[in-house]
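A quick write-up on the structure given underneath.
Position 1 is the first residue of the sequence; numbering continues from there.
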Amino acid sequence: MNELMNLRDKRVQTWNAAKAFLESHRGTDGTLSAEDDAIFNKMMDEVDKLGKEVVRLEKLEALDVEMSKATSKPLASAPVTRLDEEPVSKTGRGTKDYNTSFWKVMRNKSVPHEVLNALHVGTDTEGGYLVPDEYERTLIEALEEQNIFRQLAHVIHTSSGERKIPVVASKGTASWIDEEAAYPESDDTFGQVSIGAYKLATMIKVSEELLNDSVFDVPSYIAREFARRIGAAEEEAFFTGNGTGRPLGILAATGGAETGATAAAADKITFDEVMDLFYSLRTPYRRNAVFIMNDATVKALRKLKTTGGGDYIWQPSVTAGTPDTILNRPVYTSGFMPTLAAGAKTVLFGDLNYYWVADREGRSFKRLNELYAPTDQVGFLASQRVDGKLILPEAVKVLQQA
């Protein structure tokens, strides 16, 4: 290939030199002398010679390409799986080998000196094993059942460092101006919210008898326990966290939801005050807004009756699977919302999609073999890194007691 390119370049250069020689050596009558004519003819012979060599090499190159083509049609169809053979699924890190090896180690049924190559890809910096993909999905589904915040909030995944979220603090406006008047300046102002990760951990102890019992479903047990503990701790922090060593809760005095209405009493609530809260939230946020309150607050609202008629103001939903609503917006309950007491923020109303939950990738388990050996138990350390923050405080309002 390089030789062919060099010959083509040399041919062009020789031709250009011949043309230049012809132009510079013509006499006044436009002809060449006998000596110059011989030189020019020699240069043209060299151009013809190089041209023939270029043609020869191009033919050789075309033949090489033709000879290197496959002489038979390649196999393009996938191999047929035998009916008695279990298909091997591979999604991300959770291959069948990895999943089998992971629970083999968790159950301590592996040979002491056996090398589990499948687990090498899942070793974290602390020496634990990252949870297989299939099992991690089970955990996340269980967390959503335990934690209403993960159903309503905006959940993102981060890999490292802080996630900086740009927020429009105020918007510019347009003004009426006279003909040929200067345009008024009105810029948007931008803020920035940083969201990081805090570590949440728990330890589960299981007896050796249960681990060695093939009937006992270890993954399901650990998933349920992990969901119950982590889910409760998460939800409490998402409501009441102070941002120190844990997420900043949505009820925080600074950076949390804004006060939309104030009740007249310290331990009572009226439907008029709920309406004040509803209309304190701007219309764009009301489209996806929800109510959240404690069961005790729900009970107090349920007991309110119309004047004279004695009928209950708030009627429950009659459709199965449909949540109760107030002013056509869903109502959810959480044990971490404050009860009716002086100064408490008892009812929350807003679009929780503006509360961001940041999951740091990778939940991990570690097995403790020796620590609880005297009691014939095995410990499992489970941990995750998570943060939460209300990105736009005006999107969520609260009703505060007097």
Side-chain angles (χ1 to χ4, degrees), residues 1-83 85-99 101 115-125 129-130 132-134 136 156-166 168 183 185 187-188 190 192 194 358-362:
M1 185 67 178
N2 291 335
E3 184 181 359
L4 180 59
M5 292 178 63
N6 292 335
L7 284 174
R8 287 171 176 166
D9 291 342
K10 188 176 180 180
R11 184 190 181 195
V12 172
Q13 292 172 4
T14 305
W15 168 241
N16 290 333
K19 289 193 299 181
F21 180 84
L22 178 62
E23 293 297 329
S24 61
H25 288 75
R26 278 177 175 171
T28 55
D29 57 354
T31 60
L32 295 176
S33 65
E35 184 179 356
D36 292 337
D37 183 61
I39 297 175
F40 178 76
N41 290 333
K42 184 176 181 182
M43 296 174 72
M44 291 303 298
D45 291 340
E46 182 68 18
V47 170
D48 293 338
K49 180 180 177 182
L50 290 172
K52 293 178 181 179
E53 188 64 25
V54 167
V55 172
R56 187 181 298 110
L57 289 179
E58 286 176 344
K59 289 182 179 179
L60 288 175
E61 189 177 76
L63 282 173
D64 285 338
V65 173
E66 186 68 26
M67 294 299 182
S68 62
K69 289 182 179 179
T71 57
S72 59
K73 186 177 180 181
L75 293 175
S77 58
V80 179
T81 304
R82 289 179 12 217
L83 295 177
E85 182 179 353
E86 182 180 354
V88 178
S89 60
K90 180 178 180 181
T91 55
R93 193 173 59 249
T95 61
K96 183 178 179 181
D97 289 342
Y98 184 92
N99 198 40
S101 300
V115 179
L116 299 177
N117 292 328
L119 286 180
H120 177 71
V121 299
T123 306
D124 67 6
T125 56
Y129 296 115
L130 295 181
D133 288 349
E134 293 83 2
E136 187 165 283
I156 63 174
H157 299 275
T158 62
S159 56
S160 62
E162 287 189 336
R163 174 72 68 88
K164 298 186 184 297
I165 305 164
V168 179
Y183 281 77
E185 294 184 4
D187 296 330
D188 292 352
F190 296 89
Q192 186 171 267
S194 296
D359 281 330
R360 182 66 57 85
E361 294 291 349

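Residues H25 and E35 fail the side-chain proximity criterion, which asks for heavy atoms closer than 4.5 Å. The closest side-chain heavy-atom distance from L57 to E53 is below 4.5 Å.
Defined by atom type and a distance below 3.5 Å, a donor-acceptor pair is missing between the side-chain atoms of D45 and N41.
For the atom pair CD of E46 and NZ of K10, the computed distance is 5.5 Å after rounding to the nearest 0.5 Å. Atom CE of residue M44 and atom NZ of residue K19 lie 10.0 Å apart, to the nearest 0.5 angstrom. Of the inter-residue distances, the one linking N6 atom CG with Q13 atom CD reads 9.5 Å to the nearest 0.5 angstrom. Of the inter-residue distances, the one linking K52 atom NZ with L7 atom CG reads 14.5 Å to the nearest 0.5 angstrom. Considering CG of D359 and CD1 of I156, their distance stands at 9.0 Å, rounded to 0.5 Å. From M43, atom CE reaches atom CH2 of W15 across 10.0 Å, with rounding to the nearest 0.5 Å.
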